[in-house]
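All residue numbers in this chain count up from 1 along the given sequence.
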Amino acid sequence: CISVSKYNKLILLIGEDNLAGFNNWKDYKKIIEIAEVYVYPRDTNKNTDDILSNNNIKLVDAPKIKISSSHIRELIKSNQKIDDLVPKEV
């Protein structure tokens, strides 16, 4: 059971590339009902206009960054530097 009290606000941040398959997520309708979903713009060939019409799903006004977590993981696996891609704490 997922619930949010009136004193808490649940926010989900996902990339636009994940939004295209969001309707395949388990309980995606419940997620939209209890959370504000913010979508960070990403280069994608997938049409997301239909799901963006939901009032609880908002496209973030931000620049598209040409880097992905998958790319960072690949760099780490190959022992390459990621210093300029992540905060120094990472």
All side chain to side chain donor-acceptor pair (under 3.5 Å) counterparts of Glu36, not counting sequence neighbours: Lys9, Tyr38

Pairwise side chain to side chain donor-acceptor pair (under 3.5 Å) hits with a residue in residues 79-89, at least two apart: Ser78-Gln80

Nearest-0.5 Å distance, CG of residue Leu19 to CD1 of residue Ile57: 5.5 Å

Separation of Leu12 CG from Asn56 CG (nearest 0.5 Å): 11.0 Å

Non-hydrogen atoms of Ala62 and Pro41 that approach each other most closely: O-CG, 3.2 Å

Distance (rounded to the nearest 0.5 Å) between Ile14 CD1 and Phe22 CZ: 5.5 Å

Tyr28 side, atom OH; Lys30 side, atom NZ - distance, nearest 0.5 Å: 14.5 Å

Side-chain donor-acceptor pairs of residues 67-75 under 3.5 Å, sequence neighbours excluded:
residue	atom	partner	partner atom	Å
Ser68	OG	His71	N	3.1
Ser69	OG	Arg73	NH1	3.4
Ser70	OG	Arg73	NH2	3.3

